[in-house]
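Below you'll find the structure, written out as structure tokens, and then a few comments.
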Amino acid sequence: MPNSRIAYLACTAAILGAGLGAAPPAGHALHVVKPGESIQRAVDAAEPGDTVLVSLGTFHESVTVSKPGLSLRGMGRGTVIEPGTQKAAAGCAADGNGICVKGTAGRPVEDVTVASLTVSGFSHDGVHATYTDRLTVRGVTAVRNGVWGIVQEQSVRGTFRGNTARDNGDAGLFLANSVAEEQGATDTDGTVVEHNRLEGNRIGVTVRRLRDLTVAHNRLTGNCAGVFVVGDENKPRAGALTVRDNEVVANNKSCPKTARLFALQGSGIVLTGAEDTLVTGNEVRDNVGTSPASGGIVLLKSLVGATNDRNRITGNHLQGNSPADLVDERSGVENTFQDNTCRASRPAGLC
């Protein structure tokens, strides 16, 4: 048997043994990157549909993926990607990001997977995805990155599952229509954020100017705010979202105000400028602060005056949040609060 075939079978066995899923489909290759080798070089050599498997160890570089169907996988948290020592002139590294998944407006990159690795210490983002379709980010640990742990913009049908985002400068997970442009909300065609751990960030999950997205079964604790759904006056409005079955506990870290947002502390789930959003089945406890957004589940007018309209807050369990378990600024219309278990609300009568 040729040596290359033996190596392929051995590496396939390593993938299966590490619990990282099935081997590459028939006809696609496996590229193994060992410590001291370049991940980017393996990605550049790969064909669409191939898998790049990164061994245990620390790799000092940034990586850009722009080929459809490519899987970039580590061997678990012990596969670590950190900033390189050389200053880059352009691209992902120059922007301060660890892993970039990049398509274009006319041709989004499809079916890319980033899985089972740690990305840490980058000045901007751990994983940054733009113009993607059916991106999967799974089992990634994004820690101590300067802005966002994992971010997706201008993308559809993404899946973010089983990740840990901790101690990042802004949101652990940030999903937006566009980071840089002011425009109406865009439809994600069913993007899912589920079973993630989001701890010690400014905000656990931010959803900005999007529609048709689900945030479910996540644990959010130790952030300044747990979940932030952000809209504005642009059309179409942000909303048609679901926030359900999350554990949102003691997000009491104190964060100073920024150019875009007031100071934060003690915010569980916040809707600002959103419409037609369902918030249900969440466990929201012990979120305490004196920020305008403090409390368990909070409905606020946005900073540009956009109201919350026709949102349903139902079947949530709330306890120990301050200034109240439920807070409604009452600037919008047809927001409903039903069947929630709680003790205190502003105004009174929402529990």
Side-chain angles (χ1 to χ4, degrees), residues 158-162 171-173 175 185 187-198 203-221 223 225-231 237-251 266-287 293-302 307-322 324-351:
T159 299
F160 301 83
R161 180 179 294 126
L173 269 165
L175 300 104
D187 198 312
T188 74
D189 292 338
T191 288
V192 175
V193 177
E194 64 180 8
H195 297 290
N196 302 287
R197 291 183 66 92
L198 304 144
I203 301 172
V205 176
T206 297
V207 179
R208 192 172 85 185
R209 298 195 297 259
L210 292 175
R211 299 180 68 83
D212 189 13
L213 181 146
T214 298
V215 178
H217 298 288
N218 302 285
R219 176 171 172 79
L220 306 103
T221 187
N223 308 286
V227 178
F228 238 84
V229 177
V230 183
R237 294 274 306 277
L241 308 168
T242 300
V243 180
R244 63 175 176 85
D245 303 316
N246 299 286
E247 187 177 3
V248 187
V249 178
N251 291 283
S267 299
I269 299 172
V270 180
L271 304 186
T272 171
E275 66 180 17
D276 301 313
T277 291
L278 174 64
V279 181
T280 186
N282 299 285
E283 181 82 12
V284 186
R285 304 191 314 271
D286 303 325
N287 300 284
S294 296
I297 299 176
V298 181
L299 273 61
L300 289 180
K301 190 189 311 182
S302 78
T307 59
N308 293 295
D309 300 314
R310 302 181 307 280
N311 300 291
R312 291 182 294 145
I313 316 301
T314 179
N316 301 284
H317 181 265
L318 304 103
Q319 181 179 348
N321 302 287
S322 179
D325 294 319
L326 295 174
V327 179
D328 184 10
E329 192 180 52
R330 290 286 177 95
S331 59
V333 298
E334 299 182 36
N335 297 300
T336 58
F337 296 80
Q338 295 178 325
D339 302 320
N340 299 292
T341 303
C342 60
R343 293 187 177 183
S345 69
R346 289 188 178 184
L350 299 179
C351 291

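We count residues from 1, following the sequence as given.
- With rounding to the nearest 0.5 Å, the separation of CG in Leu173 from OG1 in Thr206 is 9.0 Å.
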Evaluate the criterion side-chain contact (heavy atoms from CB on, under 4.5 Å) for residue pair Leu220 and Val205; output intermediate values, then yes/no. CA-CA 8 Å; Leu220 306 103; Val205 176; 4.0 Å; yes

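- Between the side chain of Asp339 and the main chain of Thr314, no donor-acceptor pair closer than 3.5 Å is present.
- Glu329 and Lys301 make their closest contact through OE1-N, 2.6 Å (heavy atoms, listed as atom of the first residue, atom of the second, distance).
- Judged by distance alone, with hydrogens and angles left aside, the side-chain atoms of Asp325 form a donor-acceptor pair with the main-chain N or O of Arg343 at under 3.5 Å.
- The backbone N or O of Asn223 lies less than 3.5 Å from a partner atom in the side chain of Asn251, making a donor-acceptor pair.
- The main-chain N or O of Leu318 is never found under 3.5 Å from a side-chain atom of Asn340 such that the two would form a donor-acceptor pair.
- A donor-acceptor pair under 3.5 Å is absent between the side-chain atoms of Asn196 and the main chain of Asn218, judged by distance alone.
- The two residues Ser331 and Thr307 make their nearest non-hydrogen contact at O-CG2, 3.3 Å.
- Note that CG of Leu175 and CG of Leu241 are 10.5 Å apart. Values are rounded to the nearest 0.5 Å.
- Taking Val298 as the reference, Val270, Leu300, Val327 meet the side chain to side chain contact (heavy atoms under 4.5 Å, CB included) condition, with sequence neighbours excluded.
- A donor-acceptor pair under 3.5 Å is formed between the side chain of Asp212 and the backbone N or O of Gly190.
- Counting only distance, with no hydrogens or angles, the side chain of Asn311 and the backbone of Asp276 share a donor-acceptor pair below 3.5 Å.
- The CD atom of Glu283 lies 5.5 Å from the NE2 atom of His317; values are rounded to the nearest 0.5 Å.
- Partners of Arg330 by salt bridge (Lys or Arg N to Asp or Glu O under 4.0 Å), not counting sequence neighbours, listed by chain and number: Asp328.
- Atom CG of Asn335 sits about 6.0 Å away from atom CG of Asn308, to the nearest 0.5 Å.
- At distances below 3.5 Å, at least one donor-acceptor pair connects side-chain atoms of Thr221 with backbone N or O atoms of Val249.
- Side chain of Asn321 to backbone of Asp286: a donor-acceptor contact under 3.5 angstrom is found.
- Residue Leu350 comes nearest to Ser345 through the heavy atom pair N-OG, 3.2 Å, listed as atom of the first residue, atom of the second, then distance.
- Contact detail for Asn287 and Val248: the closest heavy-atom pair is ND2-O, 3.2 Å.
- Contact between Ile313 and Leu271 at its shortest, heavy atoms only, is CD1-CD1, 4.3 Å.
- The residue from Val215, Val192, Thr191 that alone fulfils the side chain to side chain contact (heavy atoms under 4.5 Å, CB included) condition with Phe160 is Thr191.
- Salt-bridge check for Glu334 with Arg310: failed, with every basic side-chain N at 4.0 Å or more from each acidic carboxylate O.
- Here Glu247 does not pair with Arg197 in a salt bridge; the nearest charged N to carboxylate O distance is not below 4.0 Å.
- The two residues Asn246 and His217 have their closest heavy-atom pair at OD1-N, 3.2 Å.
- Between the CG atom of Leu198 and the CZ atom of Arg219 there is a distance of 11.0 Å, given to the nearest 0.5 Å.
- With rounding to the nearest 0.5 angstrom, the OG1 atom of Thr277 is 8.0 Å from the CZ atom of Arg211.
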